[in-house]
Amino acid sequence: MRLCLGIAFYCVFASLAFAENGAQDLDHVPLNITTISSRGGYSVLQCWQLASIPIDAMQAANYPVGNTTVATWSRIEPKTHVGEAWAPHVQLSVILNGLIRITSPAPGSNGDASTGTCNGARGDSETDKSNLNSSMLIMPEGQRQLVSIVGTENMDNTNAKTKRPETQVAYIMPGTLKSSVVIAADLRSMSTIAGHYTEFPSNTEPTILVQIPFEGDKAPEHTVLHDGPCI
């Protein structure tokens, strides 16, 4: 069962890469994935370029992404607000339906874990949302999709030697490789000051995810291209 899922997963990467790059030589198409990572005790959004080299087989370019464990199919109801959260494992998530809005670091967080919920998530706060200011819209091919970069909150944190990173937002939805795949790697043990803030703001459609943890919480080999989601 795991093997079949792995093969299907590699094929998804191959078909998306081909759709985005047309007739280019797929041996030279890099695999860039939006990632929730950790830096200085904060969860941050980054664009990772995986070191994976595609293998030509089954009429597809197949990108190995590392050893994985048992995959989970998840359904989240519309207008669900998880609040502040951390990755339960270093994992890859593929969105098949719906919408995810990820804000990182979580606005207004002080690192207090006393109100944690499932997977270390903290409850919703309307006050936190008011901290977000300006945004930039990016429209991918054929649809109006948001990948927003939200304004700066570079405030000194008394619990850390480093400044609070710039707050950024990524909208994850079906469509392209850049929009529909995300790696979550901000473990609670790494993002000790602030995690990320997760919402599922679809009005009517549930959000469907396939979540695939990496074995031993080992992230795939990569290079960080820039802060913020891949664009």
Side-chain angles (χ1 to χ4, degrees), residues 30 32-51 81-93 99-138 146-172 178-179 181-201 214 217-231:
N32 298 342
I33 298 180
T34 295
T35 300
I36 316 168
S37 187
S38 299
R39 185 174 66 230
Y42 293 92
S43 293
V44 293
L45 282 165
Q46 295 179 328
C47 181
W48 285 9
Q49 184 171 104
L50 303 193
H81 295 270
V82 175
E84 188 174 9
W86 294 259
H89 309 280
V90 177
Q91 64 183 34
L92 182 94
S93 294
L99 176 65
I100 311 172
R101 180 164 58 213
I102 301 168
T103 305
S104 192
S109 172
N110 61 3
D112 179 10
S114 61
T115 58
T117 57
C118 181
N119 287 337
R122 278 201 282 268
D124 186 18
S125 168
E126 292 299 325
T127 303
D128 289 346
K129 296 177 187 177
S130 65
N131 292 328
L132 305 181
N133 40 48
S134 62
S135 64
M136 178 179 71
L137 305 184
I138 294 178
L146 296 172
V147 177
S148 298
I149 299 179
V150 178
T152 304
E153 286 187 29
N154 280 335
M155 301 178 295
D156 287 322
N157 190 301
T158 56
N159 297 321
K161 295 181 180 179
T162 58
K163 288 186 177 181
R164 181 182 178 87
E166 179 180 334
T167 299
Q168 305 195 56
V169 175
Y171 287 80
I172 309 299
K178 292 175 184 176
S179 74
V181 181
V182 62
I183 291 175
D186 61 332
L187 299 175
R188 187 72 174 264
S189 60
M190 300 297 292
S191 294
T192 54
I193 300 172
H196 63 274
Y197 191 95
T198 305
E199 304 164 89
F200 299 86
F214 290 103
D217 286 332
K218 184 178 180 181
E221 185 180 349
H222 64 275
T223 299
V224 177
L225 296 182
H226 55 77
D227 283 349
C230 297
I231 56 177

message = I need the Cys230 SG to Asn32 CG distance, nearest 0.5 Å.
response = 5.0 Å
query = Just by modelled atom types, is the Thr223 backbone N or O under 3.5 Å from a matching donor or acceptor in the Gln49 side chain?
reply = no
Distance in Å, Ile172 CD1 paired with Phe200 CZ, rounded so as to fall on 0.5 Å steps = 10.5 Å
inquiry  = Could you check whether any side-chain N or O of Asp186 sits under 3.5 Å from a backbone N or O of Ser37, counting only pairs where one atom can act as donor and the other as acceptor?
reply    = no
key: 4.5 Å side-chain heavy-atom contact, Trp86 and Leu187   = no
note = To the nearest 0.5 Å, atom CD1 of Ile193 lies from atom CZ of Arg164 at 9.0 Å
ask   = CD1 of Ile33 to NE2 of His222: how many Å apart, nearest 0.5 Å?
value = 11.0 Å
request  = Can you sort out the partners of His89 under side-chain contact (heavy atoms from CB on, under 4.5 Å), two or more places apart, ordered by chain and number?
outcome  = Gln91, Pro213, Asp217
task = Check the pair Trp48, Ile183 against side-chain contact (heavy atoms from CB on, under 4.5 Å), reporting the backbone distance first and the verdict last.
result = CA-CA 9 Å; Trp48 285 9; Ile183 291 175; 4.3 Å; yes
task = Could you tell me whether the side chain of Ser43 and the main chain of Pro105 form a donor-acceptor pair under 3.5 Å?
result = no
query = Would you call Gln46 and Arg39 a side-chain contact if the rule is heavy atoms closer than 4.5 Å?
reply = yes
inquiry  = So does Val44 get a backbone contact from the side chain of Ser104, meaning a donor-acceptor N/O pair under 3.5 Å?
reply    = yes
ask   = Below 4.5 Å, heavy atoms only, C-beta onward: do Val182 and Leu92 meet side chain to side chain?
value = no
message = Quick one, Leu45 and Ile36 - any side-chain contact, counting heavy atoms below 4.5 Å?
response = yes
ask   = Side chains of Gln168 and Asp227: does their closest heavy-atom pair fall under 4.5 Å?
value = yes
ask   = Short question: side chain of His196, backbone of Ala106 - any donor-acceptor pair under 3.5 Å?
value = no
query = Does the side-chain contact (heavy atoms from CB on, under 4.5 Å) test come out yes or no for Thr34 and Val181, once each step is laid out?
reply = CA-CA 7 Å; Thr34 295; Val181 181; over 6 Å; no
message = With heavy-atom distances below 4.5 Å as the criterion, would you say the side chains of Tyr42 and Ser191 are in contact?
response = no
